[in-house]
K.L.:
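The structure is given below, and queries will be raised subsequently.
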Amino acid sequence: MRIYNTQTRQKEPFEPLTPGQVRMYVCGITAYDLSHIGHARSALVFDVIRRYLEFKGYRMLFVRNFTDVDDKIIKRAEKESVSAGGLSERYIAEYQKDMGRLGILAATVEPKATEYIPQMIALIERLVVRGFAYVVDGDVYFEVRRFPPYGRLSGKNLDELLAGARVEVDERKRDPHDFALWKSTKPGEPSWESPWGPGRPGWHIECSAMSMEHLGESFDIHGGGEDLIFPHHDCEIAQSEAATDKPFVRYWIHNGFVTINQEKMSKSLGNFFTVREIFEKSPYPVQRTAEALRYFLLATHYRSPLDFSDDGLWEAKRAVDRFYDLFQRLDESTAPKGQGDGLLPAVLDRFGEAFRQAMDDDFNTPAAIAQLQVLRAEVNKLMETGLSKQACENAREEFRSLGRVLGLLQLDWREWFGTVVQPQTADGVITGEEVTVRLVERTEARRRKDFKKADEIRTELESLGITIEDRPDGTSRWKR
RNA sequence: GGCGGCGUAGCCAAGUGGCUAAGGCAGAGGUCUGCAAAACCUUUAUUCCCGGGUUCGAGUCCCGGCGCCGCCUCCA
């Protein structure tokens, strides 16, 4: 398996520090607002990486943090006249709700920054003792000039940074790029006791403290959005390696942005869609919307920018429909053992292997999905030659097994198409029972060759979002 | 100004030196069907932004343009 490492800007063979085990840390969110699709993409990318590594047989130790103390949280909390802690708690819960609906699996540990203040203080003290940090008026800064490799990850050079950067001048800092490890408290802000007086941690230190606490001083994979490369991850490297003298991380993985009309989606630009909105605007049930969104996001490689659009999302849904069409055919097949039975195992093997090869190449999900699509076509063809019930089940199981890596194709086709008979359905949505009644009428009409009546019923159901498919035996099936 | 990335069919999107440039969506024709839908078959880039170069051979490497984007300040 090869992984693109931001550190070296090339794909490298992947070998974990401990054979059979992978330790991975991913920068989560700052909890002060609802998550947008960009957050969802990042969570999804690392969810799939985690799933694939588990699929490969690795034991995963996966940490994804929450930043629950920070300027933006404090500001927002002030505005809403609530406590900073309460605000971040609320948005952490919202994040977990959204990501849960998207099928993002929980991490092994999901630490919150404020629960690791002692570890952060200990780390900062270590840096002060070792001469990498200095104290000014209750603030503690990391002195970047004392750590020559600073900027290695992003490829930035301190002297060149000075030329163009608009860095606010803080006379107390020894270098404009020195960053805060500890900030002395202002009145009304959350604060903790420290050797330097009451204060709160700087942003970067939390990730070093929490990752080391759970994964050790050196671990395998550290991930996040590409906007975190500089300064956040460069700062993490500086703090961590200055404190331990050990290599901090082996593989740095960064996901590309979600854009809107080719422009970065971000809170500051105001051009973002929240995950919540996607679900609310969707005419489909949560599970189906979630899978369409996953498919859409995974159809682009994780390092490429991805332009979000409603059209793209519904195209993805159409593509997933084709899989569930096949699953229904497989499920309803009553064919006896046929020629396809003999050919199927080799086909499943071949595409399973192609799928793994795609994923082994830097988690190439678009290529992996393409293999699933070709397999779908192949199985459809084999059905023409006759596939026994058992063979059909084997085929379905292969899609389920590979699809699990991407968090796709796990539903029963009835759930996907919304044909589960639900006694209660939202206003304006026809229930499965009602559809069944109309369908029986239509079947009767067709039997009488009353095609006018049959077509009326079909048109009526179509206007309600129901598509009918007639089977050769005169019966019909339907989907939303 | 510094650093980095991208430009492949109507749209989305793989492919980073070598069989006929994956796959999806949309479109066209056909088989099937009462008509549809789904499925299947055929079809949609002699060509990968432009111009040079390296090579037996380049979408893929190098140089130079053009266009777009990101980071350098909080940001997934």
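In what follows, chains are A, B, ... by sequence order, proteins preceding strands, each numbered from 1. Keep in mind that what you see is a predicted model, and the values were worked out from it rather than measured.
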K.L.:
Out of C3(B), A76(B), A22(B), which has the shortest distance to the side chain of Ala370(A)?
P.N.:
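It is A22(B).
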K.L.:
Report which part of the nucleic acid Lys381(A) touches: base, sugar-phosphate, or nothing (heavy-atom distance under 4.0 Å, all strands).
P.N.:
sugar-phosphate
K.L.:
Could you please name the option among C25(B), G70(B), C35(B) that lies closest to any side-chain atom of Glu226(A)?
P.N.:
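Ranking C25(B), G70(B), C35(B) by closest atom to the Glu226(A) side chain puts G70(B) first.
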K.L.:
NA contact type, Phe451(A), heavy-atom cut-off 4.0 Å: base, sugar-phosphate, or nothing?
P.N.:
base
K.L.:
Would you indicate whether the side-chain heavy atoms of Val109(A) and Met210(A) approach each other to under 4.5 Å?
P.N.:
no
K.L.:
What do you reckon, are the aromatic ring centroids of Phe179(A) and Phe142(A) less than 6.0 Å apart?
P.N.:
yes
K.L.:
Among G24(B), C3(B), A76(B), which is the nearest nucleotide to the side chain of Gln373(A)?
P.N.:
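Selected nucleotide: G24(B).
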K.L.:
Once you apply a heavy-atom cut-off of 4.0 Å, does Asn364(A) come out as touching a base, just sugar-phosphate, or nothing?
P.N.:
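Sugar-phosphate, no base atom in range.
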K.L.:
Could a donor-acceptor pair under 3.5 angstrom be found where the side chain of Arg303(A) meets the base of G5(B)?
P.N.:
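It does not, because no donor-acceptor pair links the side chain of Arg303(A) to the base of G5(B) below 3.5 Å.
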K.L.:
OP1, OP2 of C11(B) versus side-chain N and O of Arg318(A): anything below 4.0 Å?
P.N.:
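Negative; the distance criterion is not met.
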K.L.:
Could you work out the separation of A39(B) and C63(B) based on their P atoms and round it to a whole Å?
P.N.:
47 Å
K.L.:
Between Leu306(A) and Pro231(A), name the one whose nearest nucleotide on RNA chain B is closer to the 5' end.
P.N.:
Leu306(A)
K.L.:
Phe248(A) and Phe219(A): aromatic ring centres closer than 6.0 Å?
P.N.:
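For Phe248(A) and Phe219(A), the ring centres are under 6.0 Å apart.
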K.L.:
Using atom NE2 of His222(A) as one end and atom P of A76(B) as the other, report the distance to the nearest whole Å.
P.N.:
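Taking NE2 of His222(A) and P of A76(B), I get 13 Å after rounding.
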K.L.:
Report the residue (His301(A) or Gln262(A)) whose heavy-atom-nearest nucleotide on RNA chain B is the more 5′ of the two.
P.N.:
His301(A)
K.L.:
Between Asn157(A) and G2(B), is there a contact of a side-chain N or O with OP1 or OP2 at under 4.0 Å?
P.N.:
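Answer no for this pair, as no side-chain N or O of Asn157(A) is under 4.0 Å from OP1 or OP2.
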K.L.:
Check whether any side-chain N or O of Lys264(A) sits under 4.0 Å from OP1 or OP2 of C71(B), and answer yes or no.
P.N.:
yes
K.L.:
Is there a side-chain contact between Asn5(A) and Ile3(A) in this structure, where contact means two heavy atoms from C-beta onward sitting under 4.5 Å apart?
P.N.:
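With C-beta onward as the side chain, the pair stays apart.
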K.L.:
Taking the side chain of Glu384(A) as heavy atoms from C-beta outward, which of C35(B), A38(B), A39(B) is closest to it?
P.N.:
A39(B)
K.L.:
Using the C1' atom as the point on both nucleotides, what is the distance between C25(B) and U33(B), in whole Å?
P.N.:
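25 Å, rounded to whole Å.
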K.L.:
Can you tell me if the side-chain N/O atoms of Arg322(A) get under 4.0 Å from OP1 or OP2 in A39(B)?
P.N.:
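Looking at the OP1 and OP2 atoms of A39(B), one of them is under 4.0 Å from a side-chain N or O of Arg322(A).
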K.L.:
Could you tell me how far apart Lys449(A) (NZ) and C35(B) (P) are, to the nearest whole angstrom?
P.N.:
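These atoms are roughly 11 Å apart.
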K.L.:
Could you tell me whether the side chain of Asp321(A) reaches within less than 4.5 Å of the side chain of Arg288(A), counting heavy atoms only?
P.N.:
yes
K.L.:
Looking only at atom C1', what distance separates G23(B) and A45(B), rounded to whole Å?
P.N.:
15 Å
K.L.:
Who does U16(B) pair with, Watson-Crick or G-U, both distances under 3.5 Å?
P.N.:
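Result: none.
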K.L.:
Rounded to the nearest angstrom, tell me the gap between atom CZ in Arg329(A) and atom C1' in C32(B).
P.N.:
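Those two atoms, CZ and C1', are 12 Å apart.
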K.L.:
How far does the C1' atom of A21(B) sit from the matching atom of U8(B), given to the nearest Å?
P.N.:
8 Å
K.L.:
Give me the distance, rounded to whole Å, that separates G5(B) from A9(B) when you measure between the C1' atoms they each carry.
P.N.:
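Between the two C1' atoms, the distance is 24 Å.
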K.L.:
What is the separation between atom CD on Glu263(A) and atom P on C71(B), rounded to the nearest whole Å?
P.N.:
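The distance from CD of Glu263(A) to P of C71(B) comes to 10 Å, rounded to the nearest Å.
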K.L.:
If you check the Thr300(A) side chain, which of G24(B), A76(B), A13(B) turns out closest?
P.N.:
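The closest nucleotide is A13(B).
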K.L.:
What class does the angle between the rings of His36(A) and Phe272(A) fall in, given that below 30° is parallel, 30 to 60° is tilted and above 60° is perpendicular?
P.N.:
tilted
K.L.:
Just to be sure I understand the rule, does Arg376(A) reach a base, reach only the sugar-phosphate, or reach nothing, if contact means heavy atoms closer than 4.0 Å?
P.N.:
sugar-phosphate
K.L.:
Go ahead and name the base partner of C35(B); Watson-Crick or wobble counts if both distances stay under 3.5 Å, otherwise write none.
P.N.:
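None - no nucleotide pairs with C35(B), as no candidate has both distances under 3.5 Å.
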K.L.:
Below 4.0 angstrom from OP1 or OP2 of G34(B), is there any side-chain N or O of Lys452(A)?
P.N.:
no
K.L.:
Is the shortest side-chain N/O distance from Ser304(A) to OP1 or OP2 of C69(B) below 4.0 Å?
P.N.:
no
K.L.:
Of all the nucleotides listed (C3(B), G34(B), A14(B)), which has the minimum atom distance to the side chain of Arg442(A)?
P.N.:
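My answer, after comparing the listed nucleotides, is G34(B).
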K.L.:
Grab the CZ-P distance between Arg200(A) and C74(B) for me, whole Å please.
P.N.:
13 Å
K.L.:
When both hydrogen-bonding distances must be under 3.5 Å and the geometry is Watson-Crick or G-U wobble, what is G4(B) paired with, if anything?
P.N.:
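C69(B) is the nucleotide pairing with G4(B).
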K.L.:
Examine C40(B): is either OP1 or OP2 under 4.0 Å from a nitrogen or oxygen in the side chain of Asn380(A)? Give yes or no.
P.N.:
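Checking C40(B) against Asn380(A), a side-chain N or O does come within under 4.0 Å of OP1 or OP2.
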K.L.:
Does U55(B) pair with anything, Watson-Crick or G-U wobble, both distances under 3.5 Å, and if so, with which nucleotide?
P.N.:
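Pairing partner, where one exists within any strand: none, as none qualifies.
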K.L.:
Can a donor-acceptor pair under 3.5 Å be found between the side-chain atoms of Arg41(A) and the base atoms of A76(B)?
P.N.:
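Under the 3.5 Å cut-off, the side chain and the base do not form any donor-acceptor pair.
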K.L.:
Scan every strand shown for a Watson-Crick or G-U wobble partner of A28(B), both distances under 3.5 Å, and answer none if you come up empty.
P.N.:
U42(B)
K.L.:
Using a 4.0 Å heavy-atom cut-off, does Met383(A) contact any base of the nucleic acid, only the sugar-phosphate backbone, or nothing at all?
P.N.:
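Since no nucleic acid heavy atom lies under 4.0 Å of Met383(A), the category is nothing.
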K.L.:
For a quick check of understanding: with a heavy-atom distance under 4.0 Å over all strands, which category does Phe296(A) fall into, base, sugar-phosphate or nothing?
P.N.:
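No contact at all - Phe296(A) keeps every heavy atom at 4.0 Å or more from the nucleic acid.
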K.L.:
Using a heavy-atom cut-off of under 4.0 Å over every strand shown, decide if Ala377(A) touches base, sugar-phosphate, or nothing.
P.N.:
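Since only primed, P, OP1 and OP2 atoms lie under 4.0 Å of Ala377(A), the category is sugar-phosphate.
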K.L.:
Using atom P of each nucleotide, how far apart are C72(B) and A26(B) to the nearest Å?
P.N.:
39 Å
K.L.:
For a 4.5 angstrom cut-off between non-hydrogen side-chain atoms, does Ile253(A) reach Phe46(A)?
P.N.:
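Ile253(A) vs Phe46(A): side chains touch.
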K.L.:
Using a 4.0 Å heavy-atom cut-off across all strands, classify Gly151(A) as base, sugar-phosphate, or nothing.
P.N.:
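Nothing: the residue Gly151(A), judged by heavy atoms under 4.0 Å, touches no strand.
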K.L.:
For the pair made of CD1 in Ile468(A) and P in A36(B), what is the distance, rounded to whole Å?
P.N.:
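Ile468(A) atom CD1 is separated from A36(B) atom P by 15 Å.
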K.L.:
Mind checking the C1' distance from U46(B) to U20(B)? Whole angstroms is fine.
P.N.:
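Each nucleotide's C1' atom is 11 Å from the other's.
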K.L.:
Starting at atom CG of Asp361(A), determine the distance to atom P of A22(B), rounded to an integer number of angstrom.
P.N.:
18 Å
K.L.:
Are Arg471(A) and U33(B) close enough that a side-chain N or O sits under 4.0 Å from OP1 or OP2?
P.N.:
no
K.L.:
Find the distance Tyr91(A):OH to A76(B):C1' and express it as a whole number of Å.
P.N.:
18 Å
K.L.:
Working to the nearest 0.5 angstrom, can you tell me the gap between Ser282(A) OG and Asp310(A) CG?
P.N.:
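One gets 10.0 Å once the value is rounded to the nearest 0.5 Å.
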K.L.:
Rounding to the closest angstrom, what is the interatomic distance between G18(B) and U60(B) at atom C1'?
P.N.:
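About 11 Å, rounded to a whole number of Å.
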K.L.:
If we only count heavy atoms from C-beta on, is the Val275(A) to Tyr95(A) side-chain gap below 4.5 Å?
P.N.:
no
